[in-house]
Amino acid sequence: GQPAPSPAPTQAGGETPGATSAAALRVAMIIAQGGLGDQSYNDLANEGLTRAEQEFGIEAQRVESPDIVSQGEAVLRQAGTADFDVVIDLEWSTAEALTVIAPEFADTRWTFMNFPVNGDNVTSFVFAEHEGSYLAGALAALVTSDTAIPGINPEKVIGVIGGTKSTGIDKFLVGFIQGARDVDPDVEVLTSYTNDFGDAAKGQQAAEAMFEQGADIVFQVAGGAGLGVIQAAADAGVYAIGVDTDQSSIAPAAVLTSMIKRTDLAVYESVKRAIEGTLSGGETVNLDLAAGGVELGTIHPSVPQEYLDRVDELRQQIVSGQIKVWNVIEQGYPDFLSE
Amino acid sequence: MSVHASAERVARPRVVGGHLERTLWTLVPFGAALLAGALVLLLSGRDPLVTYALLVEQAFGGHIAIGNTLAQTTPVLFTGLATALAFRAGVFNVGVEGSLYLGAFAAAWVGFTFVGAPGPLLLLGAFGTAGLAGAAWSFLPGLLRARWRVDEVVTTLMLNFVAINLTSYLVNGPFLAVGTANSMSPLVDPAARLGSLIPPSQVSIGFVLALGMALGFGVVFGFTALGYELRVSGTSPRFAAASGISIFRVIVVAMLISGLIAGIAGAVQVLGVNGRFIDRFSPGYGFTGIAAALLGRNTALGCVLAALFFGALSNGSAMMQLFTDIPLDLVNVLSGTVMIFAVLDVARLRPRRLREAG
Amino acid sequence: MEVLHNTLVATALVSTPLLLAAMGGLINRQGGIVNIGLEANMLAGALAAVLVTWQTGNPFLGVLAAALAGTVIALPFSLVITRLGANEIIAGLGLNVLVAGLIGYLLPVALGVYGTFRPAGLQRLPRIDIPFVHDIPWIGPILSGKDPVTYLAWLLVPLIAAFLYRTTPGLRLRAAGSDLEAARAAGISAHRWRDLSTVLAGALAGIGGAQLSIGIVGLFGVGMIAGRGFIALAAFYFGAARPWPTAAAALLFGFFDAAQVRLQGQGIPVQLVQLLPYLVVVVTLTVVAITRARREGGVAVA
Amino acid sequence: MTADIAITSRSVPAAAHLRLEGITKRFGSVVANEGVDLKVAAGTIHAVVGENGAGKTTLMRIVYGLERPDAGSVEVNGARVEMRSPQVAIAHGIGMVQQHVQLISGLTALENLVLGREPSRLGAFNAAAARRQAGELADRLHTRIDWYAPVERLSVGHRQRLEIMRLLYRDAGLLIFDEPTTVLTPGEVDDLFAVLRSLAADGRTILFISHKLREVLAIAERVTVMRRGRVVATVESRGTDAGQLARLMIGEAPEPVRATGEGATVARRPPRDEAALALEGCAVDGPGGRRLLDGIDLAVRAGEIVGVAGIEGNGQRELIDIVLGMRRPRPGRVTLGGRDVTHSGVRARRRLGISYIPEDRNVEGADLAGSISTTAICLRYDRPPLSRAGILSLGSVRAFTRGLIERFGIVAAGPDAPMRSLSGGNAQRLVVGREIDASSRCVLAAHPTRGVDVKGIAFIHEQLLRLRGEGTGILLISEELAELFRLADRIVVLYEGQIVGEFARDAVDIDHLSRLMTGVETGGAAA
Ligand SMILES: Nc1ncnc2c1ncn2[C@@H]1O[C@H](COP(=O)(O)OP(=O)(O)OP(=O)(O)O)[C@@H](O)[C@H]1O
Ligand SMILES: Nc1ncnc2c1ncn2[C@@H]1O[C@H](COP(=O)(O)OP(=O)(O)OP(=O)(O)O)[C@@H](O)[C@H]1O
Ligand SMILES: [Mg+2]
Ligand SMILES: [Mg+2]
């Protein structure tokens, strides 16, 4: 049903071979379900690719399809046949297919996101969204009862809004909830889903519903629908927590912070390594807090230093492994967030 | 005029004009689409001819390309036939998408639940359950229409959303496979997978099944008493009733078969391509099916050709992005235009009549 | 009680796009065309509203632009149906695909953005309190404090009813819709009246899109209509193409939309909550039909 | 054709209100009108007669701008007019009551009346003004209409009067009536003619189309005869008679006059005593619990023709439905040849040998979208020899259809030709043939000859009488009293859903009958 929006206007470098060096690297990126323009995962990865294009003058092709779920395998194979040097696969559901196809095309280097895929020429980038979300949850829990901060009410209620109900999204939610609970067990975390990544009005509705219930900080993991959440926070004079990119620029006064997930970095990195010849494959790059793959973005100026310190402390504990954050994708659902 | 009326209008073969003339006119939508596409391409400074050439090459150049095109054709052919059958019987079933989801989930469920069962049995069970699930899903709106004249356009449309959310719940909750990043069921038993027809392309023997379905469709409407009943009830319900044909039975049966075909479509997608049920996996096969049915004038051959068109468009456009920066939306422009011009009244295109109209 | 009140407060606002589109669809239906393309009109309206508001800084001009955009799309659509005998259902589906495609394609070309266009500091439609009404304890917030388009939408319901049943153009429009040939024989340019009904539908749906983009969220997103055109379709089917019942249906859907987000996290699985509104449509239609059958007595068995 | 020319040359009206020259109209391969010349003198009543398909309606539709001629010209009051659309025709003071009622359902009688020329005050529809003018028109036609009822609720008679009022409302100077009398009772026909005469007296011109030669001679001053799309003659009605007109229409002496005259050709055996069809205390409720059919007790014996007289809309439709099994009477009991079939559906009853000749062959009798075979096999497709185990044998389907075509002298290209391509009369022959071929015990015939020409009427009457002779019970529903008198052994009168009177074949009192039909007798006003 949903139309897939078109990719970013590609730089001249992308089209005319003349602009690229003799040893021009050819990169293909398979866009995941939801397509470009999702204001989220795909767009972010695309930013990384675009940056690589500009810096290295590589030739990059983006492949999207409303039916990528069933076409993914064919597209991967075709990319191999057309011997691209690097193929970046953003579509989750093609994991099994890739394990079969990668060996068939030995001199193509394959990159898979979010999930470890075995193969001598496959490099996997997995993100610790749950760890970053944990910190966001902790910060929110600290702030939500500090009435000294404008817009904050005494109630210990915060919320998180997901795009669709799915493990990929709930990985954020669970981390967020765990973080909040750890700093303050009696904080109530409201959850809901917009059931749609494009419906900004839905996102706004969902947020307002939470504000009505006393929430003053809402974390959004809903792509385009999430923009509605930030809008709602701005309208209500409370706070939203952005996702993927540093979203404080959207509404500086209303964004408490953002849970940045460096998909762009992963894409950029894989291109960079390929050029340097270090995209060896057979490894899984773990983009967690320690590696800076996930992190908190700009934090609202009115948040007192003590909270920042506390968050940093928690950060250390996660990095050092003292705190284990629940990973829905590997562990399934914890009892504190039923399915 | 009601949607039924238009359903009948759609179901009714046109008697105007000669055969050749009619076949020529059916090309109009495609011409219009290519034109619209060309305009858009020029607007963004791209060469239409080069683009179209690439599109065709990617869709049909070589056996693998053809295989993948057929893979994309398969689901649309199924849903197109499912829709056409209902339309022929005068039921405007736009709920094929829903039945497809139910069928897909049912097939997956059998596939990952009875792991280890003998392959043939597993396949039989999966297809059977999928067909039943699809039929069951379309039974209710059929019954409501037949018994109380509840408008099936709305009910079937609404039930699509219900089906999508329902399966989404099942695959996020009770049947979630741990270790996957977006919600999907566990993989089905390899024994339940359909082999590839043209390895390594994605077309499974499900395509043959679809062709068989099309053949069956033609046979039913051309050579069977049932087909006669469906056809006549669709074009002249009161004549059918007066002749002793039970419209009630016809509507229910048509909806059941329509749902059954849609369910099997879902099964083929799961067992032949995806290997599991994936949340919201369908890009709208059901709706493309409506387009295919109407474009194909609700005939078997017509559906095959229309489905092939949409399949080629889908595969060609995906693949060509590897070689040029054509955004996917171009495809929407093309198929959208085709749909708008899909069913033109041949007679009205004669200039004199044009002036006369209005 | 609290939740109910909040739901009701939200209802009027979220109903507006549905209400406008449904009213448009209703007029089109009475004019003899079942419009499945409302989604496209809304999308175009939403975009036009954002663009013009962004350029002029005046959201009311934005609303006008939205109406215009809806019209511009609706007219050729109507002509293909009335003059070339295209099938209204598939043409409607096609229009949705085409417009979404065009916008998705041209957005980057024209504005260098894709998916979402969110100009900084975009003016939104003001929220206006109705004097006195606003001060009524419980009721006040439910009725008052909405944007002008919402008030306009509700004003339109009686106006459209009057237009259809109390004016000459309304009469001719219904005549053309009910029986094209007979209307022509009565000396009416039936096709033109049908086209007019489609154009009105386009304009209203366009305004509905505008309320969504500059009335509620203040941005444009390719996916922002999210099936509301189809809900509107259900609404006027639901209301048997009669103004007040259709408005009621739109309100009902709006209510469920608003309730749905508030029912989440109450233990019921999300998806099951989210499929509720659609199920309600089916159930209500069924109940209505059965009671009708009862009333009319002797149901034909054939 | 020299004779024709001789006759034509006799009639040259002075001031031609309408003048057609060389009008030719083709539909695909069909030539509906060919080089038609026609002059209609102002202030006269001019009739056009011809067989089914002779091209009368097409010609009139051309005059009214509903069809555009392939060649030829239309002149109104001496000025050539390009009849692009009905608007143009209306603008030139032309109005038409079409063969098939053209009122718009969903609109009220009043809205239908003023549609296209609505009285309005600044855009708003001025209902009051409309109502006033409507009242005046109704008075002129000596009729009363519920102006606020949706037209579909009006009786056929009222609908037609409404159509006439529309023309008067538009103050048309040239009024075209295409077979207006087919659905009227004798009384209503007289009323209509009175109206037409008064209109002519006002100086209006009237074009009147009909199959019924006696009517034509009664009302028209001049008669134009068409055959196969051509004008074969225009004669003064004073100087001619039905026989001559019939000869001109058909080309040879019409046997119908014989076949349908009194003392019909087929011998009348007395009906046997077993009941072929019996209705006991049958009732049907309509919307809002209104009784559409009430306490119907009616028996048709084998070898008997029972006629049901009555104005359309007095329960005929419901009677058909319960006899055929499309509806269940509640309460009530229906038996076929002694078997209780109250609760069995159409198919079961068909199997027990009931046939149905529908009033509207295009809706209930045939599938216009399909081939001739499609329509022919509808009662036999589901069993040998046409199909075995659900598989149709196209060979035997064609053979069967060919059989019908030959047995009933149908003019058709072949079994696979489109049903549309059959002319009205031939289509009717096919339907009648199919039903007769299928049945034995009982025939339900509803207006079997409506809109059918003399040739066709003769054919259908012969078939019905033959069946009667063979011991089939026939329920004949018709508003054509002449037809009832000719065929029926008994006549019952249906009024507002009840049987209000019964006459033996040779004890009918026409006035009494008409009074019962129109409700004068029972005191109520006509439905
Ligand atoms: N729309 C049409 N398309 C094709 N053929 C038509 C059409 N209308 C009329 N015809 C054919 O043109 C011829 C003249 O038809 P027309 O209705 O004028 O005859 P008619 O004299 O009015 O017959 P009737 O007495 O049955 O009304 C017939 O052969 C008819 O089948
Ligand atoms: N709608 C139509 N489309 C195509 N051909 C038609 C149509 N109507 C009639 N015809 C052709 O015109 C021929 C003559 O039709 P017409 O109605 O004049 O027959 P007819 O000789 O008057 O028969 P009858 O007197 O029994 O009605 C038909 O036999 C048929 O072949
Ligand atoms: Mg005819
Ligand atoms: Mg006629």
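In the text below, chain A, chain B and the rest are named by the order of the sequence lines, each starting its count at 1.
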Between chain B and each of L275(C), I90(C), L98(C), count heavy-atom pairs under 4.5 Å; write down the option with the most.
I90(C)

Which atoms of L276(C) come close to chain B, meaning under 4.5 Å heavy atom to heavy atom: side chain ones, backbone ones, both, or neither?
neither

Quickly, which of T198(C), L196(C), L38(C) forms a side chain to side chain contact (heavy atoms under 4.5 Å, CB included) with N28(C)? Name it, please.
T198(C)

Need one label for L41(B): side chain, backbone, both or neither, based on atoms under 4.5 Å from any heavy atom in chain C.
both

Measure from NZ or CZ of R145(B) to the centre of the six-membered ring of F248(B) and say whether it is under 6.0 Å with the direction within 45° of the ring axis.
no

Pick one of side chain, backbone, both or neither for L166(B), based on which atoms fall under 4.5 Å of a heavy atom in chain C.
both

Going by the angle between their ring planes, with limits at 30° and 60°, are F105(B) and F277(B) parallel, tilted or perpendicular?
perpendicular

Could you look at L144(B) and say if it's the side chain, the backbone, both or neither that has a heavy atom under 4.5 Å from chain C?
side chain

Is D325(B) salt-bridged to R46(B), going by a charged N under 4.0 Å from an acidic O?
no

Which of G94(C), A241(C), A176(C) touches chain B most, by non-hydrogen pairs under 4.5 Å:
G94(C)

Side-chain heavy-atom pair L19(C), L251(C) within 4.5 angstrom cut-off
no

Any donor-acceptor N/O pair, N160(B) side chain to V94(B) backbone, under 3.5 Å:
yes

L330(B), V250(B), T155(B), V40(B): which one forms the most heavy-atom pairs within less than 4.5 Å of chain C?
V40(B)

